[in-house]
Amino acid sequence: DLMREALGLKELEAALQQQLNIERVVVVAGDSDRSPWVKKEMGRACVACMKELLEPGDIVAVAGGTTMAAVAEMMTPDPKLHDVLFVPARGGLGEDVENQANTICAKMAEKAMGRYRLLHVPDQLSDEAYASLVEEPAVKEVLELIQSCRMVVHGIGEAVTMAKRRKTPPVEMEKIIARHAVAEAFGYYFNEYGDVVHKVKTVGIQLEHLPHVEHVIAVAGGASKAKAIRAYMKRAPHSLLVTDEGAAKAFVGE
Ligand code: F6P
């Protein structure tokens, strides 16, 4: 903690807490846009928060992305996590396998020596196929587990970057751009005011569920995500934010 004080991280945390009007912020040293190890440091900090807040028997819903992959990588076993169940926060969002919530959920649970359940819902489905799939007992059961989670851990992305990474069809891409989306989190695209301007169709945690989830941890850093984090946080005041100095300084400097 003395080290963190010397680096001025505590001050950055206090400034961010006030600016973003959220309860708790953890800032790690460095900028993940420039140094890849900083993402792992955010992962480590997130794991510490998870261990502090989780209780045996809890269900944790985890999202996808490279930052969440770093959280999974930094996960370590803990007696408290022994009886924790890990589930993916949402179904397919168009990510490559290594960035999918299912993959990350399984890896995180293995590292924690906890349990996991996966959600097998393809990305592209007709409305009819969709409607019948969610009635399948195996899918329905996992969806119910997701909806009763006590913690959600997720990443935040820059809107256009995410839309490109997911190979979003041109029509949707135009909509995302025309509506000035700046942020994305678990399938929702937000403008700078935090309004939802587009949503990827899939099952799992919905934005409306978040206020009822006891602990929501958002993990996102890098100066390039500053705008996205600010926009998204307007919608998620009871979240805990794990970020880095790069993003934090970009806010404070504004
Ligand atoms: O697609 C899953 C997801 O969690 C998005 O909701 C988020 O925008 C993105 O990944 C973050 O990815 P990364 O951590 O790689 O920037």
Side-chain angles (χ1 to χ4, degrees), residues 28 30-47 60-74 86-108 118-119 121-124 146 149 151-168 172-173 176 181-191 194 196-207 209-210 216-233 235-236 239 241-244 246-247 250:
V28 306
D31 183 339
S32 50
D33 283 346
R34 295 189 194 171
S35 333
W37 51 266
V38 176
K39 220 174 241 186
K40 291 191 189 168
E41 283 308 311
M42 284 194 287
R44 193 199 304 278
C46 177
V47 166
V60 190
V62 302
T66 60
T67 313
M68 286 304 301
V71 176
E73 202 183 325
M74 299 310 283
F86 294 82
V87 292
R90 301 257 280 165
L93 291 174
E95 292 266 30
D96 289 339
V97 175
E98 70 272 18
N99 284 333
Q100 282 169 16
N102 266 338
T103 311
I104 289 162
C105 165
K107 187 174 171 192
M108 199 182 289
L118 300 180
L119 191 56
V121 182
D123 295 344
Q124 302 292 338
I146 294 172
C149 72
M151 178 182 282
V152 174
V153 189
H154 69 91
I156 303 168
E158 192 279 317
V160 177
T161 307
M162 284 313 301
K164 282 186 187 152
R165 189 164 100 189
R166 291 174 174 156
K167 300 178 186 65
T168 303
E172 278 176 45
M173 192 71 169
I176 288 164
V182 297
E184 194 283 345
F186 44 77
Y188 290 81
Y189 287 82
F190 306 85
N191 64 16
V196 175
V197 294
H198 180 64
K199 181 185 168 188
V200 180
K201 198 180 79 178
T202 188
V203 291
I205 288 282
Q206 307 294 317
L207 201 54
H209 293 148
L210 287 189
V216 182
I217 307 181
V219 198
S224 63
K225 282 191 186 178
K227 227 181 183 173
I229 298 169
R230 180 192 295 276
Y232 173 74
M233 283 302 157
R235 273 308 281 263
S239 296
L241 173 67
V242 177
T243 188
D244 65 15

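We count ligands from 1, going down the list as the structure has it; atoms in each ligand are counted the same way. Hydrogens, waters and symmetry mates are skipped; everything else that's a heavy atom, side chains included, is used.
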Once side-chain contact (heavy atoms from CB on, under 4.5 Å) is applied, do any residues pair with Ala231, and if so which ones, sequence neighbours excluded?
Val182, Ala183
Option passing side chain to side chain contact (heavy atoms under 4.5 Å, CB included) with Tyr189 (candidates Met162, Lys199, Glu172):
Met162
Please produce the table of protein N or O atoms sitting under 3.5 Å from N or O atoms belonging to ligand 1, one pair a line, distance to 0.1 Å.
| from | atom 1 | to | atom 2 | distance (Å) |
| --- | --- | --- | --- | --- |
| ligand 1 | 1 (O) | Glu95 | OE2 | 2.5 |
| ligand 1 | 1 (O) | Arg166 | NH2 | 2.8 |
| ligand 1 | 4 (O) | Gly64 | O | 2.7 |
| ligand 1 | 6 (O) | Glu184 | OE1 | 2.6 |
| ligand 1 | 6 (O) | Phe186 | N | 2.9 |
| ligand 1 | 8 (O) | Gly157 | N | 2.9 |
| ligand 1 | 8 (O) | Glu184 | O | 3.2 |
| ligand 1 | 8 (O) | Glu184 | OE1 | 2.5 |
| ligand 1 | 10 (O) | Gly64 | O | 3.3 |
| ligand 1 | 12 (O) | Arg165 | NH2 | 3.1 |
| ligand 1 | 14 (O) | Thr66 | N | 3.4 |
| ligand 1 | 14 (O) | Thr66 | OG1 | 3.4 |
| ligand 1 | 14 (O) | Thr67 | N | 2.9 |
| ligand 1 | 14 (O) | Thr67 | OG1 | 2.5 |
| ligand 1 | 15 (O) | Thr66 | N | 2.8 |
| ligand 1 | 15 (O) | Thr66 | OG1 | 2.4 |
| ligand 1 | 15 (O) | Arg165 | NH1 | 2.8 |
| ligand 1 | 15 (O) | Arg165 | NH2 | 3.3 |
| ligand 1 | 16 (O) | Lys225 | NZ | 2.6 |

In this structure, is the centre-to-centre distance between the rings of Phe186 and His209 below 6.0 Å?
no
Determine, for Arg165 against Glu95, whether the closest basic-nitrogen to carboxylate-oxygen distance falls under 4.0 angstrom.
yes
Counting heavy atoms not belonging to Lys201, are there more than 12 under 6.0 Å from its NZ?
yes
Would a distance-only check, ignoring hydrogens and angles, find a side-chain to backbone donor-acceptor pair under 3.5 Å from Arg90 to Val200?
yes
